[in-house]
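A short worksheet on the structure shown next.
Numbering of ligands and ligand atoms starts at 1, following listing order. Each residue takes its place number in the sequence, starting with 1. What you are looking at is a predicted structure, and each value in this text was computed from that prediction instead of being measured.
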Amino acid sequence: MNKKNILLLCGGSGTEHEVSLVSAKFLEKNLQEIGLYNVIKVEIGKPKTTDKTFRLINADGSIGQTVEINSKRQLVGSNILFDLHYVVPCIHGPPGETGEIQTYLELINLPYFGCGPEASIICFNKVTSKLWFNALDIPNTPFEFLTSIEDAPKAHKLMDLHSKVFVKAASQGSSVGCYQVFKKDELDTALKNAFKYSEYVLVEKMVTARELEISTYEFDGVIHASVPGEINCPSAFYSYEEKYDPKSKTTTEIVAPGLTTDIVESMRAYAIKAFKALKLRHQSRIDFFYTDDGKIYLNEINTFPGATPISMFPKMMENNGHSYLTFISTIIKKDIL
Ligand SMILES: Nc1ncnc2c1ncn2[C@@H]1O[C@H](COP(=O)(O)OP(=O)(O)OP(=O)(O)O)[C@@H](O)[C@H]1O
Ligand SMILES: [Mg+2]
């Protein structure tokens, strides 16, 4: 029997391009272990992340020819043609977590792993996601959003109320376009800078909080939420450097210590509520703040969480009693054409 072809897409035009390559290696190893599929790897955004060309990754890891996915669900290049049966869009940030790739895959009726276009678009935009959290009665930090710099008075009013705020470009990840604002006279500069990254800008109350995250995923028709893990970031701002610099002092724990059962169960219930209502699919990492004065706030939903060997998502899942390999192989077997 011919093996089915799985296209593993990686890279992308975001700041997490390199992280995506590491996640893709881990996923490739897992997919190969299943033994039923040919895994074809394609990187988007080489040599520059702004380059949206799709390029085949050769067996030896080198970058190969330019390829395209056509409307007949085939991957075509100058001297290759593969029928595609499934896609794993292993991209953190654009154009994967932004829903663009999924929109095209829906259009050509090619099944894929992970969240659909609409859930991806909603969750990637920090403003839209907070509007949804409010509509669903899921607590999140008090905020205002700006559609242009003309809305700056809204941000000033919020700062008058809460004294310290976070300014965030709506459609960015990896803490890029995110600014801590401690003084009123720094606010306008932060807003202007954030508008360089996005058309919409979010301003929210700065909280003093622990950063907790939950692996939320579907397995055998049930939505599971792990107990929260924790990011221990010594600087109180989990910045781009803290996330990716080898000198980062940030540490992680698969099980956040010292939480009461009530807190754990409330967070898990919010994670499951968000997963169901936003129609997330297969997997998401849902991030929370647990403030010094005992409040739980949902911060954000990552629709394609990091899946490197040291990433929190697969580890929290394993700790919750499910093997990552069994998880992906069960989904793919069910979904594949
Ligand atoms: N309201 C807030 N109060 C205190 N700290 C905050 C607040 N919002 C964000 N932070 C800090 O900034 C970091 C980055 O913010 P956030 O998670 O919203 O965006 P992001 O990391 O850019 O998104 P992604 O995780 O998708 O890449 C958080 O991990 C946290 O350390
Ligand atoms: Mg974050």
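- Using bins of under 30°, 30° to 60° and over 60° for the plane-to-plane angle, the ring pair Phe313/Tyr324 lands in the perpendicular bin.
- Heavy atoms from other residues, nucleotides or ligands lying under 6.0 Å from OH of Tyr200 number 12 at most.
- For atom 27 (O) of ligand 1, the closest non-hydrogen atom on the protein side is Ser174 N, 2.4 Å.
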Next item on the list: Carefully, step by step, assess Asp51 and Thr53 under the rule side-chain hydrogen bond (donor to acceptor under 3.5 Å, both in side chains).
Entry: CA-CA 6 Å; Asp51 181 346; Thr53 311; 2.4 Å; yes

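- At a heavy-atom cutoff of 4.0 Å, ligand 1 is contacted by no atom of Asp287, backbone or side chain.
- Remark: Lys295 is not positioned above the aromatic ring of Phe289, lacking an NZ or CZ atom under 6.0 angstrom from the ring centre and at most 45 degrees off the axis.
- Considering backbone and side-chain atoms together, Asn302 places an N or O closer than 3.5 Å to an N or O of ligand 1.
- Considering only non-hydrogen protein atoms, atom 26 (O) of ligand 1 sits nearest to Glu300 OE1, 2.8 Å.
- Applying the side-chain hydrogen bond (donor to acceptor under 3.5 Å, both in side chains) test to pairs two or more places apart or on separate chains, those with a residue in residues 224-235 are Arg210-Glu230, Asn232-Glu253.
- Checking Lys130 against Thr141 by side-chain atom types alone, a donor-acceptor pair falls below 3.5 Å.
- For ligand 1, one of its N or O atoms has an N or O atom of Lys168 under 3.5 Å away.
- If you check which protein heavy atom lies closest to atom 3 (N) of ligand 1, you get Val207 N, 2.9 Å.
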Checklist line | Working for side-chain hydrogen bond (donor to acceptor under 3.5 Å, both in side chains), residues His162 and Glu204 | finding: CA-CA 9 Å; His162 301 296; Glu204 60 180 269; over 6 Å; no

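- Clustering ILVMFWY residues whenever any of their side-chain heavy atoms sit less than 4.5 angstrom apart, transitively, puts Met159 in the very cluster that holds Val201.
- Qualifying salt bridge (charged side-chain N to carboxylate O under 4.0 Å, His left out) partners for Asp60, counting only residues two or more places apart in sequence or in other chains: none.
- With ring centers used as reference points, Phe133 lies 6.0 Å or more from Tyr270.
- In this structure, the protein non-hydrogen atom closest to atom 5 (N) of ligand 1 is Phe166 CE1, 3.2 Å.
- The distance from ligand 1 to the heavy atoms of Phe237 drops below 4.0 Å at these ligand atoms: 11 (C), 12 (O), 13 (C), 31 (O).
- Atoms of ligand 1 lying under 4.0 Å from any heavy atom of Tyr238, numbered from 1 in the order shown and given with element: 13 (C), 29 (O), 31 (O).
- Residue-ligand proximity: Ser175 is placed with a non-hydrogen atom under 4.0 Å from ligand 1.
- Heavy-atom separations between Tyr297 and ligand 1 are all 4.0 Å or longer.
- The protein heavy-atom contact nearest to atom 21 (O) of ligand 1 is Lys243 NZ, 2.4 Å.
- Under a 4.0 Å criterion applied to the non-hydrogen atoms of Glu204, ligand 1 contributes the atoms 1 (N), 2 (C), 8 (N).
- If you check the side chains of Glu150 and Ser148, you find no donor sitting under 3.5 Å from an acceptor.
- At least one N or O atom of Glu211, backbone or side chain, sits closer than 3.5 Å to an N or O atom of ligand 1.
- Ordered by chain and number, Glu300 OE2 make up the set of protein N, O or S atoms under 2.8 Å of the Mg ion (ligand 2).
- At most 12 heavy atoms of other shown residues, nucleotides or ligands fall within 6.0 angstrom of atom CD in Glu68.
- Looking from atom 16 (P) of ligand 1 to the surrounding protein, the closest heavy atom is Asn299 ND2, 3.7 Å.
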Next item on the list: Take Arg268 and Glu265, measure what side chain to side chain contact (heavy atoms under 4.5 Å, CB included) needs, and give me the verdict at the end.
Entry: CA-CA 5 Å; Arg268 293 177 72 210; Glu265 289 316 313; 3.2 Å; yes

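- Residue pairs meeting the salt bridge (Lys or Arg N to Asp or Glu O under 4.0 Å) criterion with at least one member in residues 17-31, sequence neighbours excluded, are Glu28-Lys41, Lys29-Glu33.
- Between Arg285 and ligand 1, no N or O atom pair is found at a separation short of 3.5 Å.
- For ligand 1, the atoms sitting less than 4.0 Å from at least one non-hydrogen atom of Lys205 are 1 (N), 2 (C), 3 (N), numbered in the order shown with element in parentheses.
- Distances from atom 23 (O) of ligand 1 to the heavy atoms of Glu97, Lys126, Met206 put Lys126 nearest.
- Ring geometry for Phe327 versus Tyr217: interplanar angle over 60°, hence perpendicular rather than tilted (30 to 60°).
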